[in-house]
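Residue numbering restarts at 1 for every chain, and letters A, B, ... go by the order of the sequence lines.
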Amino acid sequence: QQQVRQSPQSLTVWEGETAILNCSYENSAFDYFPWYQQFPGEGPALLISILSVSDKKEDGRFTIFFNKREKKLSLHIADSQPGDSATYFCAADASSGSWQLIFGSGTQLTVMP
Amino acid sequence: AQTIHQWPVAEIKAVGSPLSLGCTIKGKSSPNLYWYWQATGGTLQQLFYSITVGQVESVVQLNLSASRPKDDQFILSTEKLLLSHSGFYLCAWSLWDWGTSAETLYFGSGTRLTVL
């Protein structure tokens, strides 16, 4: 059972465009949603996160939009740069100390110069 | 500052051979520790977590075992490797973030395992 789904599997945008990565989840107990960025051959690194009490979180060029009713969220990367080319993972957790972060299948983003 | 070191960086092993991977966390006392597995081009699957020395909880069964012999050390092992064990193994530690009221995971650089 895939509890966290991501789309598209891969995405190509031009430099300067806004990349939109989508994520949805099934478990209503999830209330913490971090996004991780992973470059080839490296471990993932936390990019930005949101709690379910918020509907938007911004950090520079990165913005998460969250819709609790529809159990959907999206990561918007504004003014995309070639250095943003990486795989992005949406994850979910029930912040009550489950110690189990569930990851989606990832979106591979390519930013063309 | 906290640092996480995984070893080895890469391994090529034969089916049926034993395996031991490790990670060490410095700069954080009594960290929560985790092992994740990632197939090539795939998602991250949590394997084990440990809240304290000597105690390890299994999340999925993949014919692997884990141990925490020291506060800052986490070991992943098996006596007999399978082809399906190939992939990228990531150790992680977590820090409670008072801002988000959630555990934030920090990953090591991983070990690439190839089973032939």
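Between B:Tyr34 and A:Gln100, the closest side-chain pair of non-hydrogen atoms is not below 4.5 Å. Under the 4.5 Å side-chain criterion, counting only non-hydrogen atoms from C-beta, A:Phe89 is in contact with B:Gln38. The side-chain heavy atoms of A:Ser49 and B:Thr104, taken from C-beta on, include no pair separated by under 4.5 Å.
Residues A:Ile50 and A:Phe62 share a hydrophobic cluster, clusters being chains of Ile/Leu/Val/Met/Phe/Trp/Tyr side chains in contact below 4.5 Å. The hydrophobic cluster containing B:Tyr36 also contains B:Val115, counting ILVMFWY residues as joined when their side-chain heavy atoms lie under 4.5 angstrom apart, directly or transitively. With hydrophobic clusters built from ILVMFWY side chains whose heavy atoms lie under 4.5 angstrom apart, A:Tyr88 shares a cluster with A:Ile48. By the criterion of side-chain heavy atoms lying less than 4.5 angstrom apart, applied directly or through intervening Ile, Leu, Val, Met, Phe, Trp or Tyr residues, A:Met112 is not grouped with A:Phe39; the two fall into different hydrophobic clusters. Tracing side-chain contacts under 4.5 Å through hydrophobic residues (I, L, V, M, F, W, Y), one reaches A:Val13 starting from A:Trp35; they form part of the same cluster.
Put simply, CG on B:Leu44 and OG1 on A:Thr87 are 10.0 Å apart, with the number rounded to the nearest 0.5 Å. Here the straight-line distance linking atom OH of A:Tyr36 with atom CZ of B:Phe107 works out to 5.5 Å at 0.5 Å rounding.
The contact between B:Leu105 and chain A is made by backbone and side chain atoms together, counting heavy-atom distances below 4.5 Å. A:Pro34 does not touch chain B: none of its heavy atoms, backbone or side chain, sits under 4.5 Å away. Neither the backbone nor the side chain of A:Gln108 comes within contact range of chain B, judged by heavy atoms closer than 4.5 Å.
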List the steps and the verdict of side-chain contact (heavy atoms from CB on, under 4.5 Å) for A:Glu42 and B:Phe88. CA-CA 10 Å; A:Glu42 299 181 8; B:Phe88 198 39; over 6 Å; no
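In the displayed structure, A:Gln9 atom CD is contacted under 6.0 Å by at most 12 heavy atoms of other residues, nucleotides or ligands. More than 12 heavy atoms of other shown residues, nucleotides or ligands fall within 6.0 angstrom of atom CG in B:Leu83. Residue A:Glu17 qualifies as enclosed at atom CD: its count of foreign heavy atoms under 6.0 Å is above 12.
For the pair B:Thr43 and A:Ser105, the tightest heavy-atom approach, listed with the atom from each and the gap, is CB-CA, 3.8 Å. Among all heavy-atom pairs drawn from A:Leu101 and B:Gln46, the shortest one is N-OE1, 3.5 Å. For the pair B:Leu90 and A:Gly43, the tightest heavy-atom approach, listed with the atom from each and the gap, is CD2-CA, 3.6 Å.
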